[in-house]
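Shown next, in structure tokens, is the structure this report addresses.
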Amino acid sequence: MLSNMNPLSNVPTGELYTLQLPSKMESITLVENLIEEIADKFHISEDTFANMMTCLSEAVINAIVHGNKLAPDKTVIVNADVEEKRTIWSITDEGDGFDYNNLPDPTIAENLENLTGRGVFIIKHLADQCVFNAKGNEVELHFKI
């Protein structure tokens with residue numbers, strides 16, 4: 001017997017947001033504004049909001065500075081897919097990527113006083129899930145909301 005059920009009826013549908021940012025530090029304000037808008041609209045807890053703000057700021061700054069080397073002709077793309085119980089952010093730059101599996105540990109004594117090198121460590125600890133693409137120029141951050 002054939003069913004008239006829509007095969008996609010059980011697929012959750014969310015809201016999608018996209019920013020295309022020039023590779024300059026001022027762009028971080030647009031990301032912060034989007035995070036605030038989403039947090040207000042979806043009643044995201046203060047803890048999750050703080051974690052999202054920290055992680056996305058770090059990821060976008062890394063994309064602008066390390067990925068795109070502050071090149072004004074290069075873009076950072078930020079996507080947010082927000083559903084009832086989770087949000088997935090992706091941050092993509094136009095850079096060559098990096099080896100995210102072989103970063104120095106910022107918690108060992110020889111690295112404690114370094115001024116850089118903590119961003120990915122922080123992101124991995126504050127996001128519920130952190131996934132890099134193979135090239136290392138895109139990161140996907142998952143948060144339960």
Side-chain angles (χ1 to χ4, degrees), residues 6-145:
N6 178 352
L8 299 177
S9 63
N10 291 329
V11 175
T13 57
E15 291 193 31
L16 301 175
Y17 300 82
T18 298
L19 294 174
Q20 293 187 19
L21 306 171
S23 293
K24 56 185 184 179
M25 295 306 286
E26 296 83 26
S27 293
I28 199 70
T29 303
L30 298 171
V31 176
E32 292 169 346
N33 291 342
L34 179 59
I35 297 165
E36 288 175 3
E37 177 186 329
I38 289 171
D40 288 344
K41 183 173 184 175
F42 293 92
H43 310 289
I44 293 174
S45 73
E46 287 184 29
D47 287 348
T48 302
F49 169 77
N51 288 348
M52 284 195 315
M53 188 67 81
T54 301
C55 289
L56 289 163
S57 296
E58 285 290 338
V60 172
I61 289 168
N62 283 350
I64 291 169
V65 174
H66 301 296
N68 289 348
K69 312 273 190 242
L70 291 166
D73 60 322
K74 291 188 176 180
T75 303
V76 174
I77 298 173
V78 177
N79 290 310
D81 179 2
V82 186
E83 295 182 0
E84 184 181 344
K85 295 185 179 190
R86 62 132 179 98
T87 181
I88 298 174
W89 295 82
S90 67
I91 300 89
T92 308
D93 62 56
E94 295 184 61
D96 296 328
F98 73 108
D99 183 357
Y100 49 86
N101 287 317
N102 290 307
L103 294 173
D105 182 345
T107 65
I108 62 173
E110 66 193 51
N111 295 329
L112 285 178
E113 295 191 29
N114 291 351
L115 297 177
T116 62
R118 293 179 191 84
V120 173
F121 178 84
I122 290 168
I123 290 168
K124 285 182 176 180
H125 284 80
L126 294 181
D128 291 312
Q129 187 176 3
C130 173
V131 181
F132 289 94
N133 69 350
K135 182 178 177 183
N137 73 327
E138 178 176 287
V139 62
E140 191 175 272
L141 302 173
H142 298 234
F143 296 92
K144 296 173 189 151
I145 58 174

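For the side chain to side chain donor-acceptor pair (under 3.5 Å) test, no residue two or more places apart in sequence or in another chain qualifies with Asn62. For Lys41, the salt bridge (Lys or Arg N to Asp or Glu O under 4.0 Å) criterion is met by Glu15, not counting sequence neighbours. The side chain to side chain contact (heavy atoms under 4.5 Å, CB included) test applied to Tyr100 returns Phe98, Phe132, not counting sequence neighbours. Remark: Lys24 pairs with Pro22, Glu26, Ser27 by the side chain to side chain contact (heavy atoms under 4.5 Å, CB included) rule, at least two apart or across chains. With sequence neighbours left out, Asn33 forms a side chain to side chain donor-acceptor pair (under 3.5 Å) with no residue at all. A search for side chain to side chain contact (heavy atoms under 4.5 Å, CB included) contacts involving Asp96 returns nothing, not counting sequence neighbours. Residues satisfying the side chain to side chain contact (heavy atoms under 4.5 Å, CB included) criterion with Asn101, sequence neighbours excluded, are Asp99.
Remark: side-chain polar atoms of Asn137 are paired, donor with acceptor, to backbone N or O of Asp93 under 3.5 angstrom.
How far CG of Leu21 is from CD1 of Ile28: 8.0 Å, rounded to the nearest 0.5 Å. Atom CG of Leu19 is separated from atom CG of Leu34 by 5.0 Å, given to the nearest 0.5 angstrom. Note that CD1 of Ile145 is 4.5 Å distant from CD1 of Ile44, once rounded to the nearest 0.5 Å. Of the inter-residue distances, the one linking Ile91 atom CD1 with Ile61 atom CD1 reads 11.5 Å to the nearest 0.5 angstrom.
Annotation: side chain to side chain donor-acceptor pair (under 3.5 Å) contacts involving residues 68-77, sequence neighbours excluded, comprise Ser23-Asn68. Counting only residues at least two apart or in different chains, salt bridge (charged side-chain N to carboxylate O under 4.0 Å, His left out) contacts with residues 131-141 are absent.
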What side-chain donor-acceptor pairs closer than 3.5 Å can you find for residues 121-131, not counting sequence neighbours?
residue : atom : partner : partner atom : Å
His125  : ND1  : Phe121  : O            : 2.8
Asp128  : OD2  : Lys144  : N            : 2.6

Expected list for residues 49-58: side-chain donor-acceptor pairs under 3.5 angstrom, two or more places apart:
residue : atom : partner : partner atom : Å
Thr54   : OG1  : Ala50   : O            : 2.9
Ser57   : OG   : Met53   : O            : 2.7

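When all heavy atoms of Asn133 and Gly136 are compared, the pair lying nearest together is OD1-N, 2.8 Å.
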Exercise for the section: Verify side-chain contact (heavy atoms from CB on, under 4.5 Å) between Thr48 and Phe42, making sure each step is shown before the conclusion. Expected result: CA-CA 12 Å; Thr48 302; Phe42 293 92; over 6 Å; no
Exercise for the section: Would you sort out whether Met25 and Val65 count as a side-chain contact (heavy atoms from CB on, under 4.5 Å), showing the intermediate values? Expected result: CA-CA 8 Å; Met25 295 306 286; Val65 174; 3.8 Å; yes
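Thr87 has its side chain out of reach of Asp81: every pair of non-hydrogen atoms, C-beta onward, lies at least 4.5 Å apart.
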